[in-house]
Structure formats: C-alpha cells, structure tokens
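If you're wondering where the values come from, they're calculated on a predicted model, not measured in any experiment.
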Amino acid sequence: MRKGHIITGLTIFSLGLFFVYMNSVLVVGLIKGAVQPLFILIGLALLAAAFFAKKEYRTANSILASIFLLIGLYGLFAGGDEYYATLDFFNGFLPILLIVAGVASMIHGIRQLT
C-alpha cells in the first residue's frame with residue numbers, strides 16, 4: 001500500500017513539474033497575480049498581531065505589517081502589470097472558489113440529512 005502511494009505521489013509530482021514547465025508563462029502570471037493579495041493578507045495578519053499579541057512583539061509586528069501592506073498596496077494600485085495580473089488572478093480564482101465552496105456546502109447538507 002505504501003509503495004503504491006509513493007509511486008503515485010512521485011508520478012503526480014512529476015506531472016505537476018512537467019505542466020509547470022510546459023505552461024511556465026501562465027504559472028508566472030498566476031504567481032504575479034497572487035503576490036499582491038498575499039502580501040496584503042500577511043500585512044493585515046501582522047497588524048492584527050501587533051494589536052492583540054504580546055507587547056514585546058508589537059514594534060516588530062507593526063514594522064513588518066507596514067512593510068507588507070505598503071508593498072502589497074503599491075503593487076496592486078500602481079497601475080502597472082501587477083494590477084492586471086491580480087485582476088486576472090481574481091477572475092480565474094473566483095469561479096474555482098465558488099465551485100469548491102458550493103460542493104462543500106452540498107456535501108455538508110447531504111451529511112446533515114442522513
């Protein structure tokens with residue numbers, strides 16, 4: 001059983017690397033589009049940690065939060081290529097998120113019926 005898992009895992013990992021190689025332009029576009037929202041989310045989490053965490057880490061969390069938020073917001077609203085990459089990321093990610101959330105909701109509802 002474990003040999004099958006290892007072989008299947010290696011096969012899937014190899015296929016993933018192959019598809020990254022074949023579609024490298026799309027993968028780079030995905031990464032460019034995901035970086036700005038990710039930096040904003042990290043900045044907001046650090047800002048929340050600065051307010052609600054221990055006092056000895058407040059300064060470090062505030063500095064890191066401001067750096068991440070500034071980089072994320074600048075990249076998002078600077079009007080450059082990152083803005084359009086972020087819009088493409090959201091336009092491609094939102095339908096997938098809605099499908100996964102809908103399936104999870106239906107599965108949860110079906111489990112509650114039985």
Notebook entry, point to check: Can you list every pair that meets side-chain hydrogen bond (donor to acceptor under 3.5 Å, both in side chains) and has a residue in residues 34-48, with sequence neighbours left out?
Noted result: none

[X]-[Y] co-clustered via ILVMFWY side chain contacts under 4.5 Å:
X	Y	value
Ile63	Tyr57	no
Tyr21	Leu17	no
Ile31	Leu41	no

Pairs where [range] contributes a residue and the test salt bridge (charged side-chain N to carboxylate O under 4.0 Å, His left out) is met, not counting sequence neighbours:
range	answer
residues 16-28	none
residues 24-34	Lys32-Asp81
residues 95-104	none

Please enumerate all residues that pass side-chain contact (heavy atoms from CB on, under 4.5 Å) together with [X], with sequence neighbours excluded.
X	result
Leu38	Ile42
Leu47	Phe51, Ala65, Leu69
Ile71	Phe39, Ile67
Ser66	none

Check: In the hydrophobic cluster built from side-chain contacts under 4.5 Å, what are the other members alongside Ile7?
Finding: none

Check: Members other than Leu70 in its cluster, when Ile, Leu, Val, Met, Phe, Trp, Tyr link by side-chain heavy atoms under 4.5 Å?
Finding: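 Taking Ile, Leu, Val, Met, Phe, Trp and Tyr as members, Leu70 stands alone, with no cluster partners.
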
Counting only pairs under 3.5 Å, give me each side-chain donor-acceptor contact of residues 85-109, with atom names and distances, residues two or more places apart or in other chains.
{"unit_1": "Thr86", "atom_1": "OG1", "unit_2": "Glu82", "atom_2": "O", "d": "2.7"}
{"unit_1": "Asn91", "atom_1": "ND2", "unit_2": "Leu87", "atom_2": "O", "d": "3.2"}

Note to self: Within the structure provided, determine whether Leu46 and Phe68 are in side-chain contact (heavy-atom separation under 4.5 Å).
What the structure shows: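 Yes, their side chains come closer than 4.5 Å.
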
